[in-house]
Asker: 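Just dropping this structure here.
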Amino acid sequence: MSFPTLEDEIAAWWEAHGIVKKTLAHGDASRPFVFFEGPPTANGRPGIHHVEARSSKDIMVRFNRMLGKKVIGARGGWDTHGLPVELEVEKKLGFAGKPDIEKYGITEFNAACRQSVWDYIQEWEKLTQRIAFWIDLEDPYITYDNKYIESLWWIFKQLNERELLYRDYKVTMHCPRCGTSLSDHEVAQGYQDNTDDPSVWIRFKHTPTNHALDAQVADAAFLAWTTTPWTLPANAGLAVNPEATYVLAEHDGQRYIVAEALVGAVLGETATTVASFTGVDLQGLRYTPLFAGVGDNGAAIDLSSAYRVVADEFVSLEDGTGIVHIAPAYGDLEIGRKYGLPTLFSVDLAGKVLSSFESLGFAGLFFKEADPKITRHLKEQGALFKSGRVLHTYPFCWRCKTPLLFYAKQSWYIRTTALKQQLIDNNKKINWVPEHIQTGRFGNWLENNIDWAISRERYWGTPLPVWACDNCQHIDVVGSLAELGERWGQDTANLDLHRPFVDAPTWACHACEAGTMQRIPDVADCWFDSGAMPIAQWHYPFENQELFEVAGQADYISEAIDQTRGWFYTLHAVSTLLFDRPAYKNVICLGHLLDGKGDKMSKSKGNIVSPWEVVEKYGADAVRWYMFAAGQPYNPRRFSADLVSESLRQFLLTLWNTYSFFTTYANVDGWTPAVAQGDLAAIDRWALARLNGLVRDVRNDLTNYDMNTPAKRLEQFVDELSNWYVRRNRRRFWGSEMNGDKQAAYSTLYTCLVTISKLLAPFTPFVAESLYQNLVRSYDQNAAESVHMALFPEADLALIDDELIRKTDLLLKAVSLGRAARKNAGMRVRQPLSEVLVRLPRGEQLDELSAELSDELNIKSVRWLGVGDGLVSYRFKPNLRSVGKKFGKLVPALREVLAGLSSEQAADAAHKVETGASFEVEVEGQTLTLAADDVLMEASSPEGYAVAEGEGLLVALVTTLTDELLREGIAREIVRNLNDARKAADLAITDKINATLGSEVDLAAVVAEYADYIKAETLCENLSVGDASANQHTSTMELEQGKLSLGISKIA
RNA sequence: GGGCGUAUAGCUCAGCUGGUUAGAGCGCGAUCCUGAUAAGAUCGAGGUCUCUGGUUCGAGUCCAGAUACGCCCA
């Protein structure tokens, strides 16, 4: 059995019959199920984690389609813009940064980017198909399409009209040499430990205004610490921790304000505390600026709100002075904005000190070189408390090793904070799997929402549709190609909406009638592309307006946890901004797949598992099944190919074996499902009860977006079907003529297999299809053409006989104990025994299943033990669940009292408990009344039997062997060995034989009594005793009496 | 540094509102069963449930703190 081969055949059959297309179109349009495909970029190879993600998407889509719904949005989608794409191309072209791109030409560069995003498209499509993630790959949405971009423009215009689009500073990590901002990812690559930097403590002299503490802190100075003296000319404020304690301390005749926790470290032990304050009280105090503040590009700036103390949680007391110098332009922009501090500048984008500081002698210096000069200047001004050097971690450009600047640049923002409450409220309407994301990671993120910095000074992306007047700064946001054409006065039909073509249209500003409207150079954050996909994939509102009414909000999406602040957020933000509703109703947030050692898979570690390797070896279904069954997909999980192999053997092969058992005999008997179901035996009713319970549960689980629990239920069921139902019923399928009982066995197993094929369809589409085609379509051409267009099974609740299921569970336990008892007594199962004694838990009886028990254990009779028969004694334990609440602290003593009951007391108690009556015990001087349910009663082993016990059950075997039993045992040994011989001789199961038993052992009595039995069991026509003839296959078997030779020959 | 999550047998994972001897599968050893089985059964070896403290008659489970790892953010 090769699953990969089977899958290839099924895939070919799907292809030949157009099944994927038919299925995608299938379903009741009045019951839509909307799915959003989170677009991957195809400029890298798909990994095994993509198999996980795509399987998780597929299973829910398939399931809902099988509920009869019409799935909308099952189409491919490709994310094509963004910095990662640009970097990839830069690398290929050997570029060192933006100047190289400008030199090369934006047209050519963007053409290269457009090309590069498809590098691995074929592999993505192949893998998507191979693992049967059924989406329309012929009509994907592509984020660089003009139509897609036009929808984004429409969104920008909406936002602008509602005043949600604005321009402000944003701190970026800037390389002064390359003249570009770096992405977080790039910055992370360039941190260097042990960077030698200055470490200076600065005095900020208090200035009295109208503050309550003015008098107290008169003539004192705030002490702040920094390792970047070059930012001091841009200082706009000082920050303290609102909850920390600060002191006014005297040191060398000077007064300083520092955090109490750091006073020793900063001022030394000799400092004396004059007064102390809570941080929040210092808020609003003012100080004398060190430098004259300078605005952006040297512009004059309103300084009325500058040079004061603010209080914020972010201030730490671990190092420094507990007072933090704030330079909004160089890293503290959020704080500056939060407290209304102006954004002052000291160096420009090339890292050179601004010319405004000319008179101080350090203008034009590179910021690192300016550090000592600035420090000396401060010393001369008396503002330096002390200085030194420090080794710490600092970021450098990963390309050119230049130290990076935190730099506030003008940037475009979407004012998401204006809709913070709506974002939070809409999140409450989303069903998160797992739940904790909703209030945890995602909820917290929304609570701390900051405006969305939407612009990037890059090339390959959706151009912001913002035109600005070069004279009066008037802004015009363009919402469509048509609008652009109108303003520009030219036809835009063939205009590529990418730089540099989109930069060409200009027009006269009608606000000032002097300037020219020119597009700002920025492109959009590519997260905006994917967050807007619900709208842009349909080119809404320019097309598909009716469809969008339904398709604009997803029933289901799924991606990995790293998308919380990525796609999950951008979808949510765009949908809330535009429509004030969540973009998706249900979301499964996958955990990451880790490698065999628990490490993250990454290219750099070289521990990526290729999906192809696993899929080719074990098949897509095995991989899919592993993804669903191996654990909750939202937990991080370890992955290795061996684990897939295990899950294949464990589940798919067991199922397959059960299925081949069925087909083998159905073929022998020419059985078809178009006949009456026959007389159901108890075990048939059990199987159908379990099956319908399974259907009910699996349906319910999947409805709740749980894919792991149903996978485990299916594993459990298939295991029981194979190892109990089939094993117990082999005899019913084998040999006898067709009758009501055999019919019942066939139809029961058939029903189970057909139902499983449908239940499995969302999980393992190939195997499910194979079973379905052979079991259903081969008999019924009117059935749905593919299992994937069939309806998901519905449970017949009337068949779920819980009582029978419970009893069968008990029976299985008794069987298991019986096998253990046989093992303990050294009694092989083939040797019949005379009697088994079984003590069941109180109130249980298994009379109607006793035949199953004696047959399975090969024991002639079953005797149920009761309290009155004197064979066993009893012992008691408290039933903690009920007794704990009643007796509390007495429980330990009660446990001892019960354990120490005399045999008379125990027998007496057993009689009472057996009838459901209560009994009394003395515990620590108190008389406690114990109801029957307050204790657990266990039977103790009777003497002289082979015994096993557990879970309230006791099984004891009578091991005395009579001659009669021994003869039967020998007969069974012979049957077993003859059947082995048949197998060894490669006979078909229906071949008839002649058999010869050797004469080494006297078997006259056995043969006389059991010849018919042996012949029937082995399809033997003639059974003789003597020497095997020359044409017979011979073998030898061991009996207690000695060796016995066997010979068999096939009857032609 | 912050938020969120994870930690149970050699491996991969269950363990419901606190309850009796903490389970399953794989792997290992032994024995057995079997004309569907690449399977299965029984027994065995393998656990200080990451650590420390607390609540409780009772903690893998609840609370607090710590450690390690992952993701996101600084």
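Values below: all heavy atoms of this structure, side chains included; hydrogens, waters and symmetry mates excluded. Each chain gets a letter, A, B and so on, in the order the sequences are listed, and its residues count up from 1.
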Asker: Under 4.0 Å between any heavy atoms, over every strand shown, what does Thr663(A) touch: base, sugar-phosphate, or nothing? Just pick one.
Answerer: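 The residue Thr663(A) makes no contact with any strand.
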Asker: More 5' along RNA chain B: Trp445(A) or Ala629(A), using each one's nearest nucleotide?
Answerer: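 The residue mapped nearer the 5' terminus is Ala629(A).
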Asker: Of the nucleotides rU34(B), rG19(B), rU42(B), which one has an atom closest to the side chain of Arg976(A)?
Answerer: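 Selected nucleotide: rU34(B).
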Asker: What interatomic distance, in whole Å, is found between P of rG5(B) and the corresponding atom of rG10(B)?
Answerer: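 Result for the P pair: 28 Å, nearest Å.
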Asker: Strictly by Watson-Crick or wobble contacts shorter than 3.5 Å, is anything paired with rU52(B), and which nucleotide is it?
Answerer: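 rA64(B) is the nucleotide pairing with rU52(B).
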Asker: Looking at every strand, decide which applies to Thr658(A) at a 4.0 Å heavy-atom threshold: base, sugar-phosphate, or nothing.
Answerer: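 If one applies the 4.0 Å heavy-atom cut-off, Thr658(A) turns out to touch a base.
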Asker: Taking the six-membered ring where the residue is Trp, are the ring centres of Trp671(A) and Tyr750(A) under 6.0 Å apart?
Answerer: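 Yes - the distance between ring centres of Trp671(A) and Tyr750(A) falls below the 6.0 Å cut-off.
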Asker: For Phe628(A) and Trp625(A): C-alpha separation, side-chain torsions, deciding distance, then whether ring pair (Phe, Tyr, Trp, His ring centres under 6.0 Å) applies.
Answerer: CA-CA 5 Å; Phe628(A) 303 135; Trp625(A) 186 258; 7.1 Å; no
Asker: Hey, does Asp980(A) reach any base, or is it just sugar-phosphate, or nothing, if we go heavy atoms under 4.0 Å?
Answerer: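 Answer is nothing: Asp980(A) stays at 4.0 Å or more from every strand.
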Asker: Given that both distances must come in under 3.5 Å, which nucleotide forms a Watson-Crick or G-U wobble pair with rA30(B)?
Answerer: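 Because both required distances fall under 3.5 Å, rA30(B) counts as paired with rU42(B).
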Asker: Give me the distance, rounded to whole Å, that separates rU50(B) from rC26(B) when you measure between the C1' atoms they each carry.
Answerer: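 The answer is 24 Å between these two C1' atoms.
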Asker: Counting side-chain heavy atoms from C-beta on, which of rC73(B), rC13(B), rG35(B) comes nearest to Lys712(A)?
Answerer: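 Between rC73(B), rC13(B), rG35(B), the one nearest the side chain of Lys712(A) would be rC13(B).
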Asker: When you get a sec, tell me which of rC13(B), rC73(B), rG70(B) is the closest nucleotide to the side chain of Arg441(A)?
Answerer: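 So the nucleotide nearest the side chain must be rG70(B).
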Asker: Name the closest nucleotide to the Asn444(A) side chain, picking from rA38(B), rG3(B), rC71(B).
Answerer: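 That would be rG3(B).
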Asker: By nearest nucleotide on RNA chain B, pick out whichever of Pro878(A) and Arg727(A) is the more 5' one.
Answerer: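 Result: Pro878(A).
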Asker: Measure from the side chain of Asn635(A), starting at C-beta and using heavy atoms only, and say which of rG35(B), rU6(B), rU37(B) lies closest.
Answerer: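 Taking heavy atoms from C-beta onward, the closest nucleotide is rU6(B).
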Asker: Is it the case that the ring center of Tyr665(A) lies less than 6.0 angstrom away from the ring center of Tyr746(A)?
Answerer: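 Distance test on ring centres: not under 6.0 Å, no.
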Asker: Rounding to an integer number of angstrom, what distance separates rA24(B) and rC62(B) when you compare their C1' atoms?
Answerer: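 The answer is 26 Å between these two C1' atoms.
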Asker: Give the nucleotide from the list rA14(B), rG19(B), rA41(B) with an atom nearest to the side chain of Arg819(A).
Answerer: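 Taking heavy atoms from C-beta onward, the closest nucleotide is rA41(B).
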Asker: Hey, does Leu987(A) reach any base, or is it just sugar-phosphate, or nothing, if we go heavy atoms under 4.0 Å?
Answerer: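 Leu987(A): base contact, heavy atoms under 4.0 Å.
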Asker: Sort out the partner of rG18(B) for me: Watson-Crick or G-U wobble, both distances under 3.5 Å, none otherwise.
Answerer: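 In the structure as shown, rG18(B) has no Watson-Crick or wobble partner.
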Asker: Distance only, no hydrogens: is a donor on one side chain within 3.5 Å (strictly under) of an acceptor on the other, for Asn708(A) and Tyr634(A)?
Answerer: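 Looking only at side-chain atoms, Tyr634(A) and Asn708(A) do not form any donor-acceptor pair under 3.5 Å.
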Asker: Touch check for Glu715(A), heavy atoms < 4.0 angstrom, all strands: base, sugar-phosphate only, or nothing?
Answerer: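 Nothing, no nucleic acid heavy atom in range.
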Asker: Determine, using ring centers only, whether Phe568(A) and Phe442(A) are less than 6.0 Å apart.
Answerer: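 Centroid distance Phe442(A)-Phe568(A): not below 6.0 Å, so no.
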Asker: Looking only at side-chain atoms of Asn979(A), point me to the closest of rG35(B), rC57(B), rA38(B).
Answerer: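 Selected nucleotide: rG35(B).
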Asker: What distance, rounded to whole Å, do you find between the two C1' atoms, one in rA38(B) and one in rA22(B)?
Answerer: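 One C1' to the other, the span is 32 Å.
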Asker: Among rA38(B), rC13(B), rG5(B), which nucleotide sits nearest the side chain of His436(A)?
Answerer: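 Given the options rA38(B), rC13(B), rG5(B), the side chain of His436(A) is closest to rG5(B).
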Asker: Could you tell me the separation between the CG atom of Asp697(A) and the C1' atom of rC16(B), rounded to a whole number of Å?
Answerer: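 Rounding to the nearest Å, CG of Asp697(A) and C1' of rC16(B) are 14 Å apart.
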Asker: In whole Å, measure the gap between the C1' atoms of rU42(B) and rA36(B) for me.
Answerer: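 Comparing C1' positions in rU42(B) and rA36(B) gives a spacing of 22 Å.
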